[in-house]
Amino acid sequence: MLRPILIFLSTLLLWALAAQLNHALAPWRVYVFLGSLAITLPALTFSLRPGLLASFLGGLVFDAEAPIPFGTHALLFALTHVVVFNLRDRVPRDDTLSRVVIALFANLGLFLVFSFTQVARSPAPASLWPRLFADLACSQLVLALIAPWFFALQTRALALVTEETNPSRYA
């Protein structure tokens, strides 16, 4: 139970950093979405239930400040978790580069689903697409840059818990 809590805390840190980044980018009207980072490591390394719990809780954190119905992020994060979890045996999952690529594809999927569901509410949907593509490009670039650091943070936090709960493992 401690492992999903650590992933949740790292997701909380990610959410806070992304919020600060989005605040700094607001004058340029650019938004960065990094939701797939909350899903990738739990989906690739945990069993289904603890990983799904961590992803769902991460979605609730992202829902807290989003101007969409509460629970949308949580539901889509859980669905994305299940998809990545079912594909994890077909991809190398211990390599940082493959984790980054999986996170990029998951982020692309999540971004497009959010975009398509929210564009329909706009009075002029066609005018939003150039901005959405710019946001997607910035999101993917930032994700590719920070994903190795974030995965290392999560992995190290999980390793500390493993060492603490099972000291004879490394003896």
Side-chain angles (χ1 to χ4, degrees), residues 1-23 25-26 30-89 91 93 96 98-122 128 132 135-158 161:
M1 186 63 180
L2 191 56
R3 292 171 48 125
I5 292 171
L6 281 175
I7 294 296
F8 171 74
L9 291 175
S10 66
T11 300
L12 194 59
L13 174 67
L14 172 72
W15 173 77
L17 293 174
Q20 290 299 313
L21 178 63
N22 284 325
H23 180 72
L25 294 173
V30 175
Y31 176 78
V32 173
F33 177 73
L34 304 172
S36 70
L37 289 176
I39 301 163
T40 305
L41 191 74
L44 292 176
T45 59
F46 287 13
S47 59
L48 182 62
R49 290 172 83 191
L52 192 58
L53 175 66
S55 295
F56 184 79
L57 291 175
L60 290 177
V61 169
F62 276 76
D63 273 332
E65 54 89 24
I68 58 177
F70 190 75
T72 305
H73 280 93
L75 176 67
L76 289 175
F77 279 25
L79 290 173
T80 305
H81 176 90
V82 170
V83 169
V84 174
F85 182 83
N86 286 324
L87 294 174
R88 75 183 189 172
D89 292 333
V91 296
R93 54 184 170 169
T96 302
S98 63
R99 288 179 180 177
V100 171
V101 170
I102 291 167
L104 286 169
F105 278 116
N107 206 58
L108 173 67
L110 284 169
F111 190 92
L112 291 177
V113 168
F114 283 124
S115 297
F116 281 117
T117 59
Q118 299 305 312
V119 161
R121 297 180 179 182
S122 174
L128 291 178
L132 288 174
D135 289 348
L136 176 61
C138 289
S139 296
Q140 297 294 78
L141 179 66
V142 170
L143 189 138
L145 291 174
I146 70 163
W149 166 79
F150 189 69
F151 292 145
L153 173 78
Q154 288 180 319
T155 303
R156 185 63 188 141
L158 293 173
V161 170

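Just so you know, residue 1 is the first one in the sequence shown, and it goes up from there.
- Contact between Ala106 and Thr80 at its shortest, heavy atoms only, is CB-CG2, 4.0 Å.
- Nearest approach of Gly58 to Thr11, heavy atoms of both residues: CA-CG2, 3.6 Å.
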Exercise for review: Give the intermediate values and the outcome of side chain to side chain contact (heavy atoms under 4.5 Å, CB included) for residues Leu108 and Leu112.
Suggested key: CA-CA 6 Å; Leu108 173 67; Leu112 291 177; 3.9 Å; yes
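- Closest non-hydrogen pair, Ala144 versus Pro148, comes out as O-CD, 3.5 Å.
- The two residues Leu143 and Val100 come nearest to each other via the heavy atoms CD2-O, 4.4 Å.
- Under the 3.5 Å distance criterion, the side-chain polar atoms of Arg99 are matched with a main-chain donor or acceptor of Arg93.
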Exercise answer: donor-acceptor pairs, residues 30-40 side-chain atoms, under 3.5 Å, sequence neighbours excluded:
unit_1 : atom_1 : unit_2 : atom_2 : d
Ser36  : OG     : Ala103 : O      : 2.7
Thr40  : OG1    : Ser36  : O      : 2.8

Practice item. Test side chain to side chain contact (heavy atoms under 4.5 Å, CB included) on Leu41 and Leu158 and set out the steps. Key: CA-CA 11 Å; Leu41 191 74; Leu158 293 173; 4.0 Å; yes
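- Under the ring pair (Phe, Tyr, Trp, His ring centres under 6.0 Å) criterion, the residue pairs touching residues 69-88 are Phe62-Phe77, His73-Phe77, His73-Phe114, with sequence neighbours excluded.
- A distance of 9.5 Å separates CG of Leu52 from CG of Leu57, quoted to the nearest 0.5 Å.
- Rounding to the nearest 0.5 Å gives a distance of 11.0 Å between CG of Asn22 and CG of Leu17.
- With values rounded to the nearest 0.5 angstrom, Phe56 atom CZ is found 8.5 Å from Asp63 atom CG.
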Which donor-acceptor pairs under 3.5 Å do the side chains of residues 1-9 make with protein atoms, sequence neighbours left out?
none

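- Nearest heavy-atom pair across Ser10 and Leu153 is CB-CD2, 4.4 Å.
- Rounding to the nearest 0.5 angstrom, the gap separating the CG atom in Leu79 from the OG atom in Ser55 is 11.0 Å.
- The shortest distance between side-chain heavy atoms of Asp135 and Phe111 falls below 4.5 Å.
- Of all heavy-atom pairs between Leu104 and Gln140, the closest is O-NE2, 3.0 Å.
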